[in-house]
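For reference, the structure is listed below as structure tokens.
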Amino acid sequence: MCSSDLARPAHPASRSVSGYRAPATGAAGLAAPPAATGAPAQLPGCTTVAASARYLPATRAMVRVGGEPFGVAVTPDGRYVFVSRATSGVQVYRAGRGLALTWVRSVTVPGTLLGEALTSGGRYLLVASDRGAVVIDVAAAEQGRPHPVLGTLSAPRGMGAIEVAVTHNSQLAFVSLEYSDDIAVFRLGRALASGFGPADYAGSIPQGEAVVGLALSPDGRWLYATSELDPGVAAGRTGQGSLSVISVPRAAADPAHSVLATVAAGCQPVRVVTSADGTVVWVTARGSNTLLGFST
């Protein structure tokens, strides 16, 4: 089964990334990312070549969930696992000894459900869906209480919500809209305090074509996003995508102007994570069959 980011048709044109774009100076309270040192490594082109390595001898555990599973999230205490299914809601499992999982319930949610993120402390679960994200009360879902879905964050336009990231203080939520080439910014704190509505939408962050991956830095100051094809890539670098560095404080106030830097990131970059100390950003460039490491 192809996920939505796998199903998007390739763009026929060559795209480009201009490399590092220095952010504008003078913004109050905002510091530019540190400059990179040393010569950059050569970015791989599009290829099907992969490194060889031994395979693990056997699968240690398997849980059949059906419904085209996509996203997974584990509560901070490790006791519950949530699996989003693209066609049929969210499955809730209780984790036991070793790798044992026991089904608890299915949370019915309309729409296509993909990436997941838990708020700090695990109180709420956000699941990317359609033009935004569904917000679920974790305790209600775990305990089988009725109506665990609290509401939906929805952008006024766009489509293809695929990944979601939440700031550490649970005030902002970011959702990558793959088919709209931007990231929707939502005032999650306001929605939880005052009820869900149009005012929750703060604006959108423009990105390259097929924006997919999202990851916050450990200190919460930066959001990293991948786009499979970037409109700035120089001629001759067919299929190159990009990694963007976004200021979280600026995204809260002015999403449209919150991108501080963009770098080339191989062929069709998709998922992104940061190291625990925040010094490295790891990106999977699926069209390059490569895992890329970037110095923050």
Side-chain angles (χ1 to χ4, degrees), residues 3-4 63-96 100-178 183-204 214 216 252:
S3 62
S4 72
V63 177
R64 297 189 181 277
V65 299
E68 301 171 17
F70 187 95
V72 62
V74 181
T75 55
D77 60 10
R79 296 178 58 196
Y80 289 89
V81 178
F82 295 87
V83 179
S84 62
R85 303 192 303 179
T87 60
S88 51
V90 177
Q91 297 290 88
V92 184
Y93 295 90
R94 183 182 297 108
L101 292 179
T102 302
W103 181 82
V104 175
R105 69 181 298 186
S106 179
V107 178
T108 301
V109 184
T112 300
L113 303 179
L114 297 176
E116 299 181 350
L118 286 161
T119 57
S120 180
R123 185 173 181 181
Y124 303 105
L125 174 71
L126 278 72
V127 187
S129 177
D130 299 331
R131 293 184 299 178
V134 175
V135 182
I136 295 173
D137 183 315
V138 169
E142 292 172 350
Q143 297 165 16
R145 301 202 304 261
H147 312 302
V149 177
L150 299 178
T152 300
L153 302 169
S154 184
R157 61 174 182 81
M159 60 184 296
I162 189 163
E163 290 290 335
V164 58
V166 184
T167 55
H168 304 321
N169 61 6
S170 302
Q171 290 303 299
L172 292 178
F174 302 94
V175 179
S176 54
L177 299 178
E178 184 182 6
I183 300 168
V185 183
F186 296 101
R187 303 180 183 97
L188 176 61
R190 182 198 179 282
L192 293 171
S194 306
F196 292 76
D200 303 336
Y201 174 70
S204 291
L214 298 176
L216 284 159

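None of these values were measured; they are calculated from a predicted model.
S129 and P110 get closest at one heavy-atom pair: OG-O, 3.8 Å. Shortest non-hydrogen contact noted between R85 and S106 is NH2-OG, 4.1 Å. Counting all heavy atoms, side chain and backbone alike, P148 lies closest to A141 at CB-N, 3.9 Å. Minimum interatomic distance between G115 and V164 (heavy atoms only, all atoms of both residues): O-CG1, 3.8 Å. Pairing each heavy atom of V166 with each of L216, the nearest pair is O-CD1, 3.0 Å. The two residues A95 and L101 come nearest to each other via the heavy atoms CA-CD2, 3.7 Å.
Taking the side chain as every heavy atom from C-beta outward, E142 and F82 approach each other to under 4.5 Å. Between V92 and V107 there is a side-chain heavy-atom pair separated by less than 4.5 Å. At least one side-chain heavy atom of V127 sits less than 4.5 Å from a side-chain heavy atom of V90. V149 is listed as a side-chain neighbour of V134, based on a closest heavy-atom distance under 4.5 Å. L118 is not listed as a side-chain neighbour of V74, based on a closest heavy-atom distance of 4.5 Å or more. A heavy-atom distance below 4.5 Å is not found between the side chains of L153 and Y201. Under the 4.5 Å side-chain criterion, counting only non-hydrogen atoms from C-beta, V63 is in contact with Y93.
Counting heavy-atom neighbours within 6.0 Å of R145 CZ, excluding the residue itself, gives a total above 12.
Between the E116 side chain and the S84 main chain, a donor and an acceptor come within less than 3.5 Å of each other. In this structure a side-chain-to-backbone donor-acceptor pair under 3.5 Å is present from T167 to L172. T75 contributes a side-chain N or O that, together with a main-chain N or O of Y80, makes up a donor-acceptor pair within less than 3.5 Å. Side-chain N or O atoms of T119 include one that pairs as donor or acceptor with a backbone N or O of Y124 at under 3.5 Å. Formation of a donor-acceptor pair under 3.5 Å by the R187 side chain with backbone atoms of Q171 is not found in this model.
In this structure, CG in L177 is found 10.5 Å from CD1 in I162, a value given to the nearest 0.5 Å. To the nearest 0.5 Å, atom CZ of residue F70 and atom CD of residue E163 are 5.5 Å apart. Rounding to the nearest 0.5 Å gives a distance of 11.0 Å between CG of L113 and CD of Q91. Annotation: the span from D137 atom CG to R123 atom CZ amounts to 7.0 Å, rounded to 0.5 Å. A distance of 10.0 Å separates CZ in R105 from CD in Q143, rounded to the nearest 0.5 Å. Separating the CG atom in L192 from the CZ atom in R190 is a distance of 11.0 Å, to the nearest 0.5 Å.
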Could you go step by step and tell me if I136 and V138 meet the side chain to side chain contact (heavy atoms under 4.5 Å, CB included) rule?
CA-CA 6 Å; I136 295 173; V138 169; 5.6 Å; no

Let me see the working for L188 and D200 under side chain to side chain contact (heavy atoms under 4.5 Å, CB included), right down to the final yes or no.
CA-CA 7 Å; L188 176 61; D200 303 336; over 6 Å; no

